[in-house]
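Structure record follows, encoded as structure tokens.
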Amino acid sequence: MANQKQSGPEPPIKVSTINCIDLSNPDIGESVALLKQACLDCGFFYVVNHGISQEFMDEVFAQSKKFFYLPLNEKLKVLRNEKHRGYTPMFDEVLDPDNQVHGDYKEGYYIGVDVPENDPESEKPFNGPNVWPADGVLPGWRQTMEKFHHEALEVGKAVSRIIALALDLEVDFFDKPEVLGKPIATLRLLHYEDQFSDPAKGIYGAGAHSDFGFITLLATDDVMGLQICKDKDAKPQIWEYVTPIKGAFIVNLGDMLERWSNCMFKSTLHRVLGNGQDRYSIAYFVEPNHGSLVECLPTCKTEKSPPKFPPIRCSTYLSQRYKDTHADLSVYEKHQA
């Protein structure tokens, strides 16, 4: 069982103010300045006018709900496999083991880059064919999710170009074939149950964590729940809500980018608290190619600030982080008996 969190009242909750990047803004200098400030300050910002229509975003949410409304026995037919594809049941993930009594009060569904089994590339971690509900169960579901996966990747690449400029790199430093040409890009549909979280008792919608990879694009419904902690070392930690904005992505930096930037840009602690309402969100994790070497960027090291981490391959790093936070697949055997 996880250690109980220290007793005592939680500090008062406030709403965070974070920058908003308009991808249609012709003044790239303004966008770079806003993004750089956000990355130095809290590692979170909004992205609007990203090119995905509101109508299509609404459709993706509607289709996501249709899956989660299915009976559990139907969802268990598409359980997560070793390639991180498919359904993750309630409590499958434990993001903050020191403070959580149970796993996260959420269920999810992973959709990655589709690589056929007979393709040599499918041997790599995170590569392989996607797992889909039967078309007769959810007609058109697969097509909707594949389209969103493709469009969200383009948004991620657009954001990566602004990040590159904010780090004084060439605009295409990340958006080039050897980095984001064959990315480990993962779409994850999420449903948080209508539970009340209680941090004092170790009960969370999603435990406190920072994301593992490069950047995450998050679309949410209008139910508040996401919180960030700008200073993870503060005692006590101060948590601030991030307000949902219709049609916007909430973007946050992952640990891999913090490592790349020699801790100049921040990967920020965040969590989800339930308030008794069902909550739906759609996370899109943008990670580089498997073989991308994550090492201190030339613009982020000086004599006084040498590289803090050794170089590591993207897939090696991600594989370990997923293994640390997800249930071992052997626990699913009782569902498949």
**Item:** Output field: ring centroids F285/F214 closer than 6.0 Å
**Value:** no

**Prompt:** Are Y204 and Y105 near enough that their ring centres are under 6.0 Å apart?
**Reply:** no

**Fill in**
Closest non-hydrogen contact found for W260 with V179 is CH2-CG1, 4.0 Å

**Message:** For K157, is the NZ atom crowded, meaning more than 12 foreign heavy atoms sit under 6.0 Å from it?
**Reply:** yes

**Request:** Dump the intermediate steps for salt bridge (charged side-chain N to carboxylate O under 4.0 Å, His left out) on D41 and K230, then the final yes or no.
**Result:** CA-CA 8 Å; D41 174 42; K230 292 181 180 178; 3.8 Å; yes

**Prompt:** Which pair of heavy atoms, one from D114 and one from N130, lies closest together, and at what distance?
**Reply:** OD1-N, 2.6 Å

**Prompt:** Which atom pair, heavy atoms only, marks the closest approach of D221 to P244?
**Reply:** O-CB, 3.3 Å

**Minimal non-hydrogen separation, K75 against L70, with atom names** = CE-O, 3.3 Å

**Fill in**
Of all heavy-atom pairs linking S210 and D255, the shortest is OG-OD1, 2.8 Å

**Message:** With a 6.0 Å cut-off (strictly less than), is the heavy-atom count around NZ of K308, excluding the residue itself, greater than 12?
**Reply:** yes

**Request:** Answer yes or no: does atom CD of E170 have more than 12 heavy-atom neighbours from other residues, nucleotides or ligands under 6.0 Å?
**Result:** no

**Item:** CD/Q54: more than 12 non-hydrogen atoms of other groups inside 6.0 Å
**Value:** yes

**Message:** If the threshold is 4.0 Å, N to carboxylate O, is there a salt bridge linking D135 and R142?
**Reply:** no

**Message:** Under a plain distance cut-off of 3.5 Å, with no hydrogens placed, do E258 and S267 share a side-chain donor-acceptor pair?
**Reply:** no

**Request:** Could you go through the side chain to side chain contact (heavy atoms under 4.5 Å, CB included) check for F61 and L189 one step at a time?
**Result:** CA-CA 9 Å; F61 271 96; L189 311 174; over 6 Å; no

**Item:** Sidechain N-carboxylate O distance under 4.0 Å for R279, E193
**Value:** no

**Rounded distance [0.5 Å steps], CG in L257 versus NZ in K266** = 13.5 Å

**Prompt:** Under 6.0 Å between ring centres, would you say that holds for Y109 and W132?
**Reply:** no

